[in-house]
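Structure first, then comments.
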Amino acid sequence: MAKRITPRSEDWARWYTDVVTQAKMADYSPVKGCMVIRPHGYALWENMQRVLDRMFKETGHENAYFPLFIPKSFLAKEAEHVEGFAKECAIVTHSRLKTVQADGRATIVPDPESALEEELVVRPTSETIIYAMFAKWVQSYRDLPILINQWANIVRWEMRTRLFLRTTEFLWQEGHTAHATHQEAEEEALRMLDVYASFAEEYMAVPVLKGVKTEKEKFAGALRTYCIEALMQDNKALQAGTSHDLGQNFARAFDLRFQDEAGDWTFAWNTSWGVSTRLVGAIVMAHGDDNGLVLPPRLAPIQAVVVPIWKGTDPVDRILAAAREARDRLARAGIAVRLDERDSLSPGFKFNEWEMLGVPLRIELGPRDLEQGSVTTVKRPNRSKAPVPLSGLEERVPQLLEEVQREMLEAARARRDAATFTVDSWDGFRERNESTGGFLLAHFCGSSECENSIQEETKATVRCLAFGQPEEAGRCVRCGGPSPRRVHFAKAY
RNA sequence: CGGGGCGUAGCGCAGCCCGGUAGCGCACCUGCUUUGGGAGCAGGCGGUCGGAGGUUCGAAUCCUCUCGCCCCGACCA
């Protein structure tokens, strides 16, 4: 009828767009490449922020805020860094507009008189301005470590965008730290990678690979980039978070030095790490189905919805009274619960609508339920139904939500494992990559020649050198050269 | 930047080839009847057809220019 989602099997990209827009998570904005995050999408992001923020603080970090604008010269101080970002920067050149007459009508143009002496870059990431500030704050080893996080918006002028996955402006957090030793910085980078991985699995119900990026894929300016990689339902990989060991690259560029215990001047060691609103897209693509969004209970803005069902006019009052009581009791038990009292919509319509929005648990309450002194609960992912006695609501509903959370992770893990393939020949690699896609575990010599030619010919890239990948001598799937272990290849977003 | 598609009511579309003054579904409003998987009937509201120029007695429709968006590709720390 009114709203139909394009089935995943028919057109994956369209399905994704349909779900995001019809579930009211985001909408296209008047500005190309930018999106409006609507309340239902933003509430999910807020829940993610809340959990992550707590995890950052538990690991000793503090929030701060740095400016949106970065002097152009700052970006140029780290050679590799500017190389990586130069092609996607928005630049502020003027500070005023003026009205002029053109073709007989008034129009506004940048006032040439207001051209900036030094142009400003809208941050694509904040390493430069943050380490410039750190340099002012650090003199002694006693000033270290600095452990800072900021929640911010950033701008990267990508050529092609996709709601949540890659937009011109997006929201993220970026952690930036400074340490006295390389070892401490490494530990920090890995600690935050672990935070991301456990957040992805325990809250988003998205299993991830932890590993390290190749030279080609690492962050511009980093010594080493660690990442978490997830697999979406279309068998394409999504980089879900990164954590960088920046070495002393930025410290040298911004003269971030301190006097150590021996009185010697040393450059500090930095890390940076970030996740973005792209994670919202990850949840959509990891769990969604042809009925819409499926949200993990631990992050869902609405965890359960009570849908009253009545017959005739007589039992309406009794049903509504019972439904309101159920709602109130669940709310007191700490469940984010809604009661759908709208009287002009049929139950079927409401079922479909709440499923579209991804609410993990539906609680139906009709005359039949009331007679039995129970409600009917329905889990969003598989629509499995179970009666729950009214008397046991507060105990049972949280259990059901946890069951859904666990089942979603298990299902996602099963999908990923079923889409992870070991390939040993170049033909096998190409065939598998073409037919099903997914993670291809293949031997790789590590040369950039092979990495580039594999990407050119198959669009697949090395997603990461996964931790814990067993040692296994083999021959590079491309050139036959020696390889100490397999790496994960996949086509990626 | 290359290829493809699309701009007509809030949303989704038809009408365009073959010019004659705008229509369908959903949504919305009103009333009545309804409510265990997208309710029914009746009556309504709503559009300078993306913009500019041209051809014509007459343009959503034909011509020229222009703006914008979407999809695929190139690009993507």
Side-chain angles (χ1 to χ4, degrees), chain A residues 1-6 11-18 21-22 24 27-35 75 78 80-89 103-105 123-128 154-163 165-168 170 172 174 213 215-222 225 227 238-239 241-244 246 272-274 276 278 291-292 307-316 319-320 340-356 362-371 375-376 378 383 385 387 455-456 459 461 492-493:
Chain A
M1 295 276 286
K3 295 176 176 177
R4 218 186 106 262
I5 300 175
T6 306
D11 183 340
W12 172 263
R14 186 114 185 252
W15 168 84
Y16 176 78
T17 306
D18 283 353
T21 54
Q22 289 185 32
K24 299 177 183 168
D27 204 351
Y28 290 102
S29 81
V31 182
K32 184 179 166 68
C34 293
M35 67 172 175
L75 213 65
E78 211 291 330
E80 227 178 81
H81 190 65
V82 68
E83 178 74 15
F85 285 104
K87 282 176 286 183
E88 52 187 43
C89 285
D103 298 331
R105 58 182 66 186
R123 63 183 165 213
T125 180
S126 303
E127 274 76 8
T128 56
I154 61 176
V155 168
R156 295 182 187 178
W157 215 271
E158 305 283 0
M159 291 185 177
R160 223 183 120 209
T161 57
R162 221 143 145 26
L163 295 172
L165 299 180
R166 182 174 293 109
T167 46
T168 301
F170 58 95
W172 79 343
E174 48 183 325
K213 287 289 190 192
E215 274 298 300
K216 179 179 187 314
E217 300 276 331
K218 75 168 195 197
F219 177 74
T225 290
C227 63
L238 184 75
Q239 176 176 297
T242 48
S243 182
H244 315 291
L246 300 175
S272 68
W273 29 275
S276 72
R278 167 181 268 199
N291 297 313
V307 179
I309 299 160
W310 57 81
K311 261 234 155 43
T313 48
D314 172 41
V316 174
I319 296 281
L320 272 184
D340 189 346
E341 290 197 41
R342 293 175 296 177
D343 64 358
S344 59
L345 299 174
S346 71
F349 183 93
K350 293 178 182 176
F351 296 168
N352 282 293
E353 188 176 66
W354 292 111
E355 283 176 4
M356 166 76 76
R362 178 169 75 242
I363 297 170
E364 303 176 3
L365 208 173
R368 293 208 296 267
D369 301 294
L370 204 52
E371 262 174 45
V375 298
T376 302
V378 187
R383 288 186 179 171
K385 296 192 177 190
Q455 177 171 10
E456 276 165 33
K459 307 272 190 252
T461 50
Y493 277 98

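The figures that follow rest on heavy atoms only: side chains count, while hydrogens, waters and symmetry mates do not. Residue numbers begin at 1 in each chain, while the letters A, B, ... track the order of the sequences. In this text, all values refer to a predicted model and were calculated from it rather than measured experimentally.
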Distance between the [atom1] atoms of [N] and [M], in whole angstroms?
| N | M | atom1 | value |
| --- | --- | --- | --- |
| G10(B) | G50(B) | P | 13 Å |
| G46(B) | A9(B) | P | 15 Å |
| C26(B) | A14(B) | C1' | 15 Å |
| G54(B) | A59(B) | C1' | 11 Å |
| G12(B) | C69(B) | C1' | 16 Å |
| A22(B) | U66(B) | P | 31 Å |
| A74(B) | U61(B) | P | 37 Å |
| C49(B) | G20(B) | P | 15 Å |

Name the closest nucleotide to the [X] side chain, picking from [options].
| X | options | value |
| --- | --- | --- |
| Asp343(A) | G38(B), U35(B), A74(B) | U35(B) |
| Glu88(A) | C76(B), G38(B), G36(B) | C76(B) |
| Glu364(A) | G36(B), C71(B), G38(B) | G36(B) |
| Phe351(A) | C71(B), G37(B), C75(B) | G37(B) |
| Asp369(A) | C76(B), G37(B), G36(B) | G36(B) |
| Val378(A) | G36(B), C76(B), G37(B) | G37(B) |
| Trp310(A) | C75(B), U35(B), G37(B) | U35(B) |

Between Ala492(A) and Ser344(A), whichever has its closest RNA chain B nucleotide further toward 5' is Ser344(A)
For Pro347(A) and for His244(A), find the nucleotide of RNA chain B with the closest heavy atom, then tell me which residue's nucleotide is more 5'.
Pro347(A)
Is [N] paired to anything, Watson-Crick or G-U wobble with both distances less than 3.5 Å, and if yes, which nucleotide?
| N | result |
| --- | --- |
| A60(B) | none |
| C75(B) | none |
| G7(B) | C67(B) |
| U48(B) | none |
| G23(B) | C13(B) |
| C41(B) | G31(B) |
| G36(B) | none |

Rounded to the Å, how far apart are [X] [atom1] and [N] [atom2]?
| X | N | atom1 | atom2 | answer |
| --- | --- | --- | --- | --- |
| Glu353(A) | C26(B) | CD | P | 18 Å |
| Arg14(A) | G12(B) | CZ | P | 10 Å |
| Ile309(A) | G37(B) | CD1 | P | 8 Å |
| Lys350(A) | U34(B) | NZ | P | 17 Å |
| Asn352(A) | C26(B) | CG | C1' | 15 Å |
| Asp27(A) | G10(B) | CG | P | 15 Å |
| Leu345(A) | C28(B) | CG | P | 8 Å |
| Glu158(A) | C70(B) | CD | C1' | 18 Å |

Is there a side-chain polar atom (N or O) of Lys459(A) under 4.0 Å from OP1 or OP2 of A74(B)?
yes
Mark yes or no for whether [X], through its side chain, and [Y], through its backbone, hold a donor-acceptor pair below 3.5 Å.
| X | Y | result |
| --- | --- | --- |
| Glu78(A) | His81(A) | yes |
| Lys350(A) | Trp354(A) | no |
| Asn291(A) | Met356(A) | no |
| Glu174(A) | Ser126(A) | yes |
| Arg278(A) | Thr167(A) | no |

Classify the nucleic acid contact of [X] as base, sugar-phosphate or nothing, counting any heavy atom under 4.0 Å across all strands shown.
| X | answer |
| --- | --- |
| Ala13(A) | sugar-phosphate |
| Arg383(A) | base |
| Pro124(A) | nothing |
| Glu217(A) | nothing |
| Glu83(A) | nothing |
| Tyr493(A) | nothing |
| Thr376(A) | base |
| Lys218(A) | sugar-phosphate |
| Phe85(A) | base |
| Arg362(A) | base |

Go through the side-chain N and O atoms of Asp369(A) and Thr376(A) and say whether any donor and acceptor fall under 3.5 Å apart.
yes
Do the side chains of Leu238(A) and Leu165(A) get nearer than 4.5 Å, heavy atoms only?
yes
Inspect the contact between Arg342(A) and Glu353(A) and indicate whether a charged nitrogen and a carboxylate oxygen are less than 4.0 angstrom apart.
yes
Tell me whether Glu158(A) is salt-bridged to Lys87(A), with the criterion being a basic N under 4.0 Å from an acidic carboxylate O.
no
Kindly say whether, by distance alone, the side chain of Glu355(A) makes a donor-acceptor pair under 3.5 Å with the base of G37(B)?
yes
